[in-house]
Asker: 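Here you go, one structure.
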Amino acid sequence: MKTAIISGISGQDGAYLAALLLKKNYRVIGLIREGQSKELGGLTYLGVKGDIILKECNLMNKKAIVDVISSEKPEEIYNLAAQSSVFESFNNPIDTFKFNTISVFNFLETIKLVNPAIRLYQASSSEMCGKVNELPITENSVLHPLSPYATSKVAAHFTCVNYRESYKLYVACGILFNHESYLRSENFFVKKVLQQSIRIAHGLQDFIEVGNVDIKRDFGYSPSYVEAMYQMLQQERASDYLICSGKSISLKSIIHYVFDMLNISKDRCIVNPMLYRPNEILDIYGDNTKAKNELGWNYDYDFYKVLELLLEEELKNLPKI
Ligand code: NAP
C-alpha cells in the first residue's frame, strides 16, 4: 500500500483527490492547519472523511513538515494548499505571496533532506500566463502574471523546476486552468452564479451582481482534473503539464446558460464596476495535447454539460441554501 500526503485537503481538489487515491488503495494523510476545527465538509460530502488520517501541520514551518514526512514516509506528496483566490490576492498580496512560495520551499527542502525519492506534485496555475500573447497556451508559453496570486504561483513553479533540474527530484507541476465542482468555495464565480441563480429562481433574491463578465476562461471539471494530478506522479520522468479543456467561454455566457436553465430573465444580472479587478486576463485557453498523449488523460467535457451537472447537484442539495 502506497502512502500519499495531501496538503490543502480541506479544499475542492483536496477532497476529490483524496477520494481518488483511496479508491486506488492508497493510505492518505491529509494536512490541515494547526488548531483547525474545520468540518472538512468536502471530505464528509464525498463520504471519505473517516478513511483519511488528518495531521495538523504548519506549512510555513519546515520542521513541522520534516516531522510529518519523516514519520509518515510517503511515496507521493500532492501540494495543493494555497491562498487560491486571485481577487483575495489583490487585498492581501504579501500573505498570499509568502504562503504560496515558502510552503513550497519547505516541501522541496524537506524532500531533499529526508528522502529525495519522494515524488511531489505542485499545483501551478494558468493564471501564471496572464498577459497572453498567443493562444492556445502551451507548456512553452511565455509567462506574464497579472495578479499577486499569479506572481506567487510563478515563483513557486520555477522553484519546483529549479529543484527538479538541480537536485534531480521528481517534481511535477500541473498547470491547471479553472476547474469547478459542487465543492468549489462560494467566493468563486461559477459556484456563486449557480447558488445565487437558484435563490433568484426561488424568489429569495432579486439580482446577481457581477464584475467584468466579458472575459473568457477555459473551464473544466475538478473530479476529472485530479485524475491528471495522479497520473503526473506515475510517469517515468517528472514534467509539467497543462490541464485544460482547450476552449474558452465568456463569464456572461455562463450566466445566461444558468439563467436559461432556471427560466430567469437576463436583466436579473447587474454589472458593478466596483467588482472589476485592477488587472484582468481577457481571454485564455490551453492546449492539452501533452497531457492527453503522455498521461493518457481523457477529457472531453463541454463546459455547458458540466454546468448542467453542477446545477443538478446544487438542486439535489437544496436544503443547504
Ligand atoms: P481551495 O478550494 O481554495 O483550497 C485551498 C486549500 O489550501 C484549502 O485546503 C486551504 O485550507 C489551504 N490553505 C490556504 N491557505 C492556507 C494556509 N495559510 N495554511 C494552510 N493551508 C492553507 O483550492 P482548490 O480549488 O482546491 O485548488 C487547489 C490548488 O490548485 C491551489 O493551490 C490552487 O491555487 C490551485 N489551482 C486551482 C485552480 C482551480 O480552478 N480550482 C486552478 C489552478 C490552480 P483551509 O480550508 O484551511 O483554508
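In listed order, ligands and their atoms are each counted from 1. As a basis for the values below, the full set of heavy atoms in this structure was taken, side chains included, without hydrogen atoms, waters or symmetry mates. Sequence positions, counted from 1, serve as the residue numbers for this chain.
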Asker: With nothing but distance in play, are any N or O atoms of Glu180 less than 3.5 Å from an N or O of ligand 1?
Answerer: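 N/O-N/O distance below 3.5 Å does not exist for this pair.
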Asker: Please could you name the atoms of ligand 1 that Ala123 approaches to less than 4.0 Å, counting only its heavy atoms?
Answerer: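 Heavy-atom distances to Ala123 below 4.0 Å select 29 (C), 30 (O), 32 (O), 35 (C).
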Asker: How are the rings of Tyr301 and Tyr221 set relative to one another: parallel (under 30°), tilted (30 to 60°) or perpendicular (over 60°)?
Answerer: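 Ring orientation of Tyr301 relative to Tyr221: perpendicular.
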Asker: Below 4.0 angstrom from a heavy atom of Leu80, which ligand 1 atoms are there? Numbered from 1 as shown, please.
Answerer: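 Those atoms are 28 (C), 29 (C), 31 (C), 32 (O).
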Asker: Considering Ser222, Ser84, Ala82, Ala81 one by one, which has a heavy atom nearer to atom 14 (C) of ligand 1 than any of the others?
Answerer: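 Ranked by closest heavy atom to atom 14 (C) of ligand 1, first place is Ala82.
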Asker: Does the salt bridge (Lys or Arg N to Asp or Glu O under 4.0 Å) test come out yes or no for Glu72 and Lys55, once each step is laid out?
Answerer: CA-CA 10 Å; Glu72 299 302 335; Lys55 297 269 168 185; 3.2 Å; yes
Asker: Judged by modelled atom types alone, do Glu109 and Tyr163 share a side-chain donor-acceptor pair under 3.5 Å?
Answerer: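 Distance-only check passes for Glu109 and Tyr163.
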Asker: Look at atom 22 (C) of ligand 1 and find which of Arg217, Lys98, Arg33 reaches it with the closest heavy atom.
Answerer: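 That would be Arg33.
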Asker: Could an N or O of ligand 1 be found under 3.5 Å from any N or O of Ser185, whether backbone or side chain?
Answerer: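 No.
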Asker: Identify, by atom number and element, the atoms of ligand 1 in contact range of Ser10, meaning under 4.0 Å from any of its heavy atoms.
Answerer: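 Per the distance check, 8 (C), 9 (O), 10 (C), 11 (O), 45 (P), 46 (O), 47 (O).
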Asker: Which bit of Lys153 is near ligand 1, meaning a heavy atom under 4.0 Å away: side chain, backbone, both or neither?
Answerer: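 It is the side chain that gets close, since no backbone atom is under 4.0 Å.
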Asker: Could you check whether Lys252 pairs with Asp214 (Lys NZ or Arg NE/NH1/NH2 to Asp/Glu carboxylate O, under 4.0 Å)?
Answerer: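 Counted as a salt bridge, because a side-chain N and a carboxylate O are separated by less than 4.0 Å.
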Asker: Given Phe177, Tyr225, Tyr149, identify the one with the heavy atom nearest to atom 36 (N) of ligand 1.
Answerer: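 Heavy atom nearest to atom 36 (N) of ligand 1 belongs to Tyr149.
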Asker: Salt bridge check: are Lys290 and Asp240 linked by an N-O gap of less than 4.0 Å?
Answerer: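 Here Lys290 does not pair with Asp240 in a salt bridge, since their nearest N and O are not under 4.0 Å apart.
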Asker: Do ligand 1 and Gly14 have nitrogen or oxygen atoms that lie under 3.5 Å from each other?
Answerer: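 No - when backbone and side-chain N and O of Gly14 are compared with those of ligand 1, no distance drops under 3.5 Å.
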Asker: For the pair Arg217 and Glu280, find out whether any cationic side-chain nitrogen is under 4.0 Å from an anionic carboxylate oxygen.
Answerer: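 Looking at Glu280 together with Arg217, the answer is yes, because their closest N to O distance falls below 4.0 Å.
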Asker: To which of Met229, Glu34, Gln83, Arg184 does the heavy atom nearest atom 25 (O) of ligand 1 belong?
Answerer: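 Selected option, by shortest heavy-atom distance: Arg184.
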Asker: Considering Phe219, Phe188, Phe99 one by one, which has a heavy atom nearer to atom 17 (C) of ligand 1 than any of the others?
Answerer: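 The option holding the nearest heavy atom is Phe99.
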Asker: Considering only NZ, NE, NH1 and NH2 on the basic side and carboxylate oxygens on the acidic side, decide whether Glu180 and Lys191 come within less than 4.0 Å.
Answerer: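 No, this pair does not count.
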Asker: Check this for me: does any side-chain nitrogen of one of Glu186 and Lys192 sit under 4.0 Å from a carboxylate oxygen of the other?
Answerer: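 Not counted as a salt bridge, because no side-chain N and carboxylate O are separated by less than 4.0 Å.
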Asker: Would the Tyr241 and Trp297 ring centres measure less than 6.0 Å apart?
Answerer: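 They do not qualify: ring centres at least 6.0 Å apart.
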Asker: Cation over ring, Lys2 on Tyr26, under 6.0 Å and within 45°?
Answerer: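 No; the conditions do not both hold, so Lys2 does not lie above the ring face of Tyr26.
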Asker: What atoms of ligand 1 come closer than 4.0 angstrom to any heavy atom of Asn178?
Answerer: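 Counting from 1, the qualifying ligand atoms are 40 (O).
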Asker: I need the atoms of ligand 1 closer than 4.0 Å to a non-hydrogen atom of Leu176, numbered in the order shown.
Answerer: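 Reading through ligand 1 atom by atom, the close ones are 42 (C), 43 (C).
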Asker: Heavy-atom contacts with Ser124 under 4.0 Å: which atoms of ligand 1 show up? List them by number with element.
Answerer: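 Near Ser124, meaning under 4.0 Å from one of its heavy atoms, ligand 1 has 43 (C), 44 (C).
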